[in-house]
Every structure is written in C-alpha cells, then in structure tokens.
Amino acid sequence: MRSRRFRAAGLCLLGLLVVVLGGCVGGGGHALGTPGPQTIPVGQSVQSIEWGGVSRTFHLYRPQGLTDAAPLVVMLHGGFGNGEQAERAYHWDAEADRGRFLVAYPDGLNRAWNAGTCCGEPQRVGADDVGFITAMVGAVEQQMPLDRARIYVTGMSNGAMMALRLGCQSDVFAAIAPVAGTLLTDCSQAHRVSVLQIHGTADDRVPYNGGPGKAFSFNGTARVDGPSAQSVNATWRAIDACGPPNSSTAGDVTTQVAGCPDGRTVELISVAGAGHQWPGGEPSPLAEKLAGTPAPSTALDATDTIWQFFTQNHR
C-alpha cells in the first residue's frame with residue numbers, strides 16, 4: 001500500500017512537470033490541468049508534449065461513454081512504424097470498445113525507440129524514451145482520471161524491446177506484453193511486474209532462440225542480437241520469484257505459465273512457424289514487407305490474448 005501511494009504521487013508529479021515543461025498538449029488545444037472526463041475527445045485524437053527539447057506526439061483512443069477512472073494500454077509500434085500505423089494494424093481500438101479502456105499510441109523518434117542496444121536514431125542519440133512514455137502517461141492522467149492499478153504497456157518488435165525496458169526501468173506499469181521482442185537493456189533494478197511474451201518460432205529478425213537476427217533493411221541496419229525468448233522469460237521468472245512453469249499446447253500455440261507471489265504471472269506464448277509478426281494483426285510496415293516478412297499467423301489473436309492477460313493482472 002505504501003509503494004502504491006508513492007507511485008500515485010509520482011504520476012501526479014509527472015503530470016505537473018509536463019504542465020511546467022510543455023505548457024499544454026496538442027490535439028484540440030486541451031490544456032493540462034485538473035483531470036476531467038471531457039478533456040480527451042471521444043474516438044481518435046492526436047496530442048503532443050514537449051520532451052527532451054522536442055515536440056513528441058502520441059495518438060489516443062477513447063471509447064464512447066467512457067467516463068470513470070479508466071485502465072490505460074500503451075501500444076508501442078515497431079521499427080519503421082508509427083502510432084497511426086500501430087492503431088490501424090493491431091486492432092486495439094476495437095478491443096478498447098469491448099473492454100472499456102483508453103489506448104495510447106506514442107510516436108517514436110524517427111520511427112524507432114531507444115530500447116537499450118537498439119534501435120536507430122533514438123539509440124544513437126541516447127533518447128530518454130522511458131522518460132517520454134512515463135511523462136505521456138502523466139499527461140493523459142491530467143486530462144482524464146486513470147485507474148493507476150491498471151496501466152499496461154505492450155509493443156511489437158522494437159516496441160516490444162521498449163516495453164521490456166519500461167518493465168525493467170519504470171514502476172508505472174502493472175503488466176507488460178512484448179510481441180516479437182527481446183531484452184536489450186539492464187534489468188538488475190527491475191520492480192516485480194507480470195509479463196506475457198508472444199513470439200513466433202520462425203522469427204528471423206528477432207530469433208526465437210536468440211543471437212543475431214536478419215537485418216531489418218536493405219542497408220543492413222538494426223540487426224538485433226539478444227537473448228532467446230526462453231531466456232528472457234527465465235529472467236522475469238527470477239525477478240518475480242516465480243515457481244517453475246507449466247506448459248500446454250493447442251495446435252500451433254504453446255503456452256508456458258509460471259505463478260508468482262502477489263498474484264503475478266509470467267507467461268510465454270510460442271507460435272509454431274510464425275515469423276516476425278503480430279499474430280492476428282495486419283501486415284507489417286512497407287519496409288518490413290519488402291524485406292520478406294511473412295503474413296501474420298491466424299493461430300492466435302495477440303491483441304485479445306494480451307487484453308485478457310491484462311485484465312487478470314493489476315496492482
């Protein structure tokens with residue numbers, strides 16, 4: 001309870017800092033101030049905050065009739081993508097209509113995230129994406145009450161790596177759900193958090209078994225070299241002091257679940273034969289399609305699976 005009060009105070013302070021540093025958010029001219037149910041438009045909107053000396057944008061989706069303190073899902077796009085592409089490709093708006101929650105789709109700097117040893121311009125310049133995403137959550141909360149026990153983050157590829165970094169280096173999120181990602185940052189000081197990984201066994205960009213992946217573009221940039229999906233899962237089981245995992249298989253989908261203290265869980269869903277993709281989603285951004293990324297598997301609806309996991313894991 002004491003840590004929850006500290007966390008709540010931290011989010012409020014972040015919101016105030018965004019007011020001081022950024023002044024306002026874009027998208028309809030909604031000023032940051034007292035949270036209220038009418039300050040975020042119903043449906044899709046685009047907003048911005050000042051962070052690290054630049055204007056950083058994020059897309060928001062608010063379902064019709066959502067007025068109470070709401071859960072928030074942060075969806076992080078992959079490399080070469082952006083918030084608009086993630087909103088279109090992964091069907092989170094429709095899931096939010098059914099589940100009654102807000103969705104935020106932030107835009108990475110030059111279409112990438114600083115996830116540690118990857119990727120692109122954000123990694124080269126040392127962009128503070130942990131700070132930006134945390135400040136974005138504070139900015140959203142200044143406009144509409146959030147259920148602080150149910151703030152979550154998920155992501156695809158480079159966005160999955162960023163979600164893992166947030167799990168390691170932030171205490172904002174109750175659960176994280178990386179898809180087709182790996183751990184590329186220090187996680188020695190991580191707070192305990194529930195984790196769901198989803199990964200295709202035939203992923204050649206972020207290999208399921210770890211090691212260097214195939215380049216993401218024709219000039220050979222952004223090749224990922226990290227631990228295996230099983231190793232990342234074991235890392236989180238150790239962090240969360242979980243018991244040994246149980247495994248079950250249905251068709252192409254194998255689910256490995258470990259129970260942990262305080263009701264947390266650490267899971268790994270492996271999709272046999274699936275490549276570097278969001279199962280059940282739309283095709284990848286053009287650059288990845290040109291590089292030969294296969295069509296998403298239909299053996300699993302990753303979005304609905306992740307939301308069901310989030311509903312079972314809160315602070």
Side-chain angles (χ1 to χ4, degrees), residues 51-52 54 56 74-83 85-86 89-90 105-134 136 153-170 173 176-190 195 197-200 202-236 239 268 274-278 284-293:
W51 185 258
V54 297
R56 299 293 300 266
V74 177
M75 171 68 223
L76 302 175
H77 64 76
F80 308 108
N82 57 28
Q85 169 268 325
Y90 306 132
Y105 305 88
D107 290 314
L109 186 65
N110 199 20
R111 294 177 174 261
W113 302 105
N114 179 11
T117 58
C118 179
C119 293
E121 180 183 349
Q123 188 271 331
R124 289 194 300 272
V125 302
D128 181 12
D129 282 331
V130 172
F132 161 55
I133 293 165
T134 306
M136 178 197 71
V153 62
T154 182
M156 167 64 191
S157 186
N158 180 207
M161 301 169 207
M162 190 67 223
L164 284 160
R165 183 170 193 175
L166 286 162
C168 293
Q169 299 175 2
S170 170
F173 301 99
I176 64 174
V179 178
T182 189
L183 183 60
L184 299 174
T185 191
D186 175 53
C187 211
S188 61
Q189 303 300 314
V195 179
Q197 294 168 257
I198 297 176
H199 212 123
D203 191 335
D204 62 353
R205 302 304 197 273
V206 183
Y208 182 88
N209 291 321
K214 186 176 179 181
F216 275 82
S217 61
F218 297 114
N219 63 7
T221 61
R223 192 170 82 166
V224 175
D225 188 354
S228 69
Q230 291 283 359
S231 176
V232 173
N233 204 251
T235 294
W236 280 105
I239 291 169
L268 171 62
H276 190 69
Q277 57 186 239
W278 184 283
S284 302
L286 178 60
E288 292 190 25
K289 284 170 45 177
L290 291 174
T293 302

For [X] and [Y], which heavy atoms make the closest approach, and how far apart are they?
| X | Y | result |
| --- | --- | --- |
| C187 | I239 | SG-CD1, 3.8 Å |
| G181 | V206 | C-CG1, 3.9 Å |
| P212 | P207 | O-CG, 3.7 Å |
| G167 | A190 | O-CB, 4.1 Å |

**OP:** Could you please spell out the steps behind the side-chain contact (heavy atoms from CB on, under 4.5 Å) verdict for V224 and M161?
**Re:** CA-CA 10 Å; V224 175; M161 301 169 207; 3.6 Å; yes
Subject >> With sequence neighbours excluded, residues passing side-chain contact (heavy atoms from CB on, under 4.5 Å) with D128 >> reply: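 Residues passing side-chain contact (heavy atoms from CB on, under 4.5 Å) with D128: W51, V130.
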Subject >> Partners meeting side-chain contact (heavy atoms from CB on, under 4.5 Å) with T185 (sequence neighbours left out) >> reply: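 side-chain contact (heavy atoms from CB on, under 4.5 Å) check on T185 returns R165, C168, Q169, L183.
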Rounded at 0.5 Å granularity, tell me how far [atom1] in [X] sits from [atom2] in [Y].
| X | Y | atom1 | atom2 | answer |
| --- | --- | --- | --- | --- |
| D203 | S157 | CG | OG | 7.5 Å |
| L76 | W113 | CG | CH2 | 5.5 Å |
| I198 | M156 | CD1 | CE | 11.0 Å |
| M136 | D129 | CE | CG | 11.0 Å |
| C118 | L184 | SG | CG | 6.0 Å |
| M162 | T154 | CE | OG1 | 13.5 Å |

Original post:
With sequence neighbours excluded, what pairs up with F132 under the ring pair (Phe, Tyr, Trp, His ring centres under 6.0 Å) test?
Top reply: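 Here no residue qualifies.
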Spell out, as yes or no, whether a donor-acceptor pair under 3.5 Å connects the side chain of [X] to the backbone of [Y].
| X | Y | value |
| --- | --- | --- |
| D107 | N82 | no |
| H199 | S228 | no |
| N158 | A112 | no |
| H77 | G108 | yes |

Student check: side-chain heavy atoms of [X] and [Y] closer than 4.5 Å:
| X | Y | result |
| --- | --- | --- |
| Q197 | V232 | yes |
| I133 | V153 | no |
| Q85 | Y90 | yes |

Subject >> Check against side-chain contact (heavy atoms from CB on, under 4.5 Å), W236 and I176 >> reply: CA-CA 11 Å; W236 280 105; I176 64 174; 4.0 Å; yes
